[in-house]
Amino acid sequence: MVMRRSENDPAKRLGQVGIADRHLRPKVHVDPDRSRSWLRRVLPVLGAHRLSLSGALGMSFLTLMLQVQIPSLLNGAVSNSLERHSTPLDHYVWIVFGLALGAGLAGFGSRYLLMRTAYAVEFDLRNLLYEHLTRMGFDFYDRVQSGQLISRANSDIRSVNLYLTFGPNILVQCSIAIVAFIYMLTINVPLAFVAMSTLPFVFWLSIRMRASMFPVSWLIQARLAEVATVVDENVNGVRVVKSFTAEQRELDHLAREAAKLRWAYIRDADLRARFSPVVQNLPQLGMAFVLLIGGLLVIDDHLGVGAILAFSIYIVMLQAPFQMLGMLVMLGQRAAASAQRIYEILDEEPSVRDAPDAIDLPEVRGEVRFDHVNFHYGADADDHPDGTAASAAHSPLGAAVAGPPVLSDFNLHLAPGETVAMVGRTASGKSTVSRLLTRFYDVTGGAITIDGHDLRTLTLQSVRRHVGVVLDEPFLFSVSIAANIAYGAPDASREAIVAAARAAGADEFISALPDGYDTVVGERGYTLSGGQRQRVAIARTLLVNPPVLILDDATSAVDVQVEQAIHEGLKVLMAGRTTLIVAHRLSTIHLADRVVLLDGGRIVAEGTHAELMESTPLYGEVLAQVAENEPSGAPA
Ligand SMILES: Nc1ncnc2c1ncn2[C@@H]1O[C@H](COP(=O)(O)OP(=O)(O)OP(=O)(O)O)[C@@H](O)[C@H]1O
Ligand SMILES: [Mg+2]
């Protein structure tokens, strides 16, 4: 029989529960005061769920209160029903039955509420972290490995969450020891002390365990992240790995990291193996004491047999919470280590962010000015003028390293609607100029203005909405081509998408694909050729229709004929738009009103192509260099 897939698919059958398709800004926060303990800092997150958490704890307490009466009732049943026959047995049976039923129901409620709280806290923490990551600047991602971020967002959040939600529950369970102790006192005072005598040792051992296990927990988390980083790089860099047949080397690399992780885990197991059996078996020792002392009391007729039964059950009952107390200590170690690793991320301030009084530019004419701009990468490593070093300089995630100056006293003016080509040797800083104009990084000196507004006085959103950039390495998402083109304008109509593709010279090849615009591209767009990717990326930026457009080597991977087609489309679109083209080809340069030559971190010459050929030998050299890579080199 053929089953329909939808019936078979558990995801479809169960449906999606509680998934909102919009990210809601997390309402919670982590205390930014770094001098506080990790637990104090995360309390606001727990506080947001105090209702369900206290409900869970209350129910948990109720469960235990019901359970704790049972041994004492058994004592009564043995004495009153079995020995003295003063109370009918079914009296006790019904009460125990009722208590068990009540405890079962309350147990359900407490577990359900506790898990609910746990997942809500995990959800909040993860959102908090992701939201912070989206605010971080490019310098952060330059420095931090994505494997580190992934492991912190997964295993570290989980271990903090476990401790936060199960910790209080374990404490509640231990608090029941007091109630049990009171019950035991009502039966027999000396025996109650004998029964409880081993518990302080359990606690003391837990503390000892804490001291020795903490460094290992930290090591495990750190090494998990390192393994994740190797795996991540191998998956993303699989094409490089395979083309250099470096599989074996990478496997060795992974094996080395995995062996380090294994060492830490074994160390952890070793410590646990030393402590756990002692912690677990101490209560049995208590049982032996109870049997000895209690037995003597029974023989001397000071105590009923039922009391020994009740005490034994109490000791078994207390065993679990006190063992869990040991686990709590262990969870605490791991949570403290994990929280520290999460705070390392949360405590990093984004280097590029909205000023408190940043304004939104509704409309832009497109006048761009670079005014005595200085720039070098890793500016966070610099000491700030007020003497305080920026957070990134000492970040455990990877310290910022101040690079050499890339731009120094860089001046450039683009009139509204003007198209300027920027030419320069490789690594002269051309891409850097475009990254500064989109405010991926802040200048380290001077200023960049749009329509006279310093970029730093505008909201990031308005800068990036008005300045469109086609990066030199186009990144596509694994969605349809249409969705990739519409990335910046998700509501765009199909006509607008096709028009943008046409202008970017991409319509022809897209239409030839089996699914046309609905073709889903592979991860990062790897199922398209480099030139095809570039054209999709151009269409994506054109669709947003930004008044200032930067094309950073955007047509480097297409041949001259295709480039010609793109230029036809661009000529129309560039009209009225301020455009900065990073150019390597003469054909591209001809699109521009003016050419500037970048060298040594500043503009050293500018003019038309012919003027520069005439006046500046370096310009000819740079172009000749490029022309060598260009067999079909456009005519000079
Ligand atoms: N994220 C970064 N962190 C640190 N240094 C960087 C970073 N990006 C670029 N650099 C350095 O800045 C300098 C300028 O790089 P840039 O990418 O701007 O050159 P380019 O002119 O675009 O070169 P190409 O023509 O090869 O694309 C180079 O020396 C480079 O090593
Ligand atoms: Mg570049």
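Just so you know, ligand 1 is whichever comes first in the structure, and atom 1 is the first atom listed for that ligand.
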message = If you take the centroid of each ring, where Trp contributes its six-membered ring, are His372 and Phe410 closer together than 6.0 Å?
response = no
query = Below 4.0 angstrom, N of the basic side chain to O of the carboxylate: do Asp31 and Arg41 qualify?
reply = no
query = What atoms in ligand 1 come closer than 4.0 Å to a heavy atom of Thr432?
reply = 14 (C), 15 (O), 16 (P), 18 (O)
key: atom 27 (O) of ligand 1: nearest protein contact (heavy atom, Å)   = Ser431 OG, 3.8 Å
ask   = Is any side-chain N of the basic residue among Glu348 and Arg143 closer than 4.0 Å to the acidic one's carboxylate O?
value = yes
task = Could you list which atoms of ligand 1 come closer than 4.0 Å to a heavy atom of Asp142?
result = 1 (N), 2 (C), 3 (N)
ask   = Hey, is the main chain of Gly417 close enough, under 3.5 Å, to the side chain of Thr578 for a donor-acceptor pair?
value = yes
inquiry  = So, at under 2.8 Å, which protein N, O or S atoms would a careful student list around the Mg ion (ligand 2)?
reply    = Ser431 OG
request  = Verify side-chain hydrogen bond (donor to acceptor under 3.5 Å, both in side chains) between Asp454 and Thr449, making sure each step is shown before the conclusion.
outcome  = CA-CA 4 Å; Asp454 189 321; Thr449 59; over 6 Å; no
Heavy-atom donor-acceptor pair, Arg540 side chain to Arg535 backbone, under 3.5 Å = no
task = Determine, for Lys260 against Glu257, whether the closest basic-nitrogen to carboxylate-oxygen distance falls under 4.0 angstrom.
result = yes
key: Salt-bridge criterion met for Arg425 and Asp599 (N-O under 4.0 Å)   = yes
message = As a test of the contact definition, would atom 23 (O) of ligand 1 count as having a protein heavy-atom neighbour under 4.0 Å?
response = yes
task = Considering the heavy atoms of Gly429, write down every atom of ligand 1 situated less than 4.0 Å from one of them.
result = 14 (C), 16 (P), 18 (O), 19 (O), 20 (P), 21 (O)
message = Could you tell me, atom by atom, which parts of ligand 1 come under 4.0 Å of a heavy atom of Arg435?
response = 8 (N), 9 (C), 17 (O)
request  = Identify, with sequence neighbours excluded, every residue that meets side-chain contact (heavy atoms from CB on, under 4.5 Å) alongside Tyr130.
outcome  = Arg126, Leu133, Ala153
query = Of all the atoms in ligand 1, which lie at a distance below 4.0 Å from a heavy atom belonging to Tyr441?
reply = 1 (N)
request  = Could you check atom 10 (N) of ligand 1 against the protein and tell me its nearest heavy-atom contact, residue, atom and distance included?
outcome  = Tyr377 CE1, 3.2 Å
query = Is atom 2 (C) of ligand 1 in close reach of the protein, with a heavy atom under 4.0 Å away?
reply = yes
task = Report the residue from Leu458, Thr438, Val548 that forms a side-chain contact (heavy atoms from CB on, under 4.5 Å) with Val463.
result = Leu458
Nearest non-hydrogen protein atom, atom 26 (O) of ligand 1 = Thr426 OG1, 2.6 Å
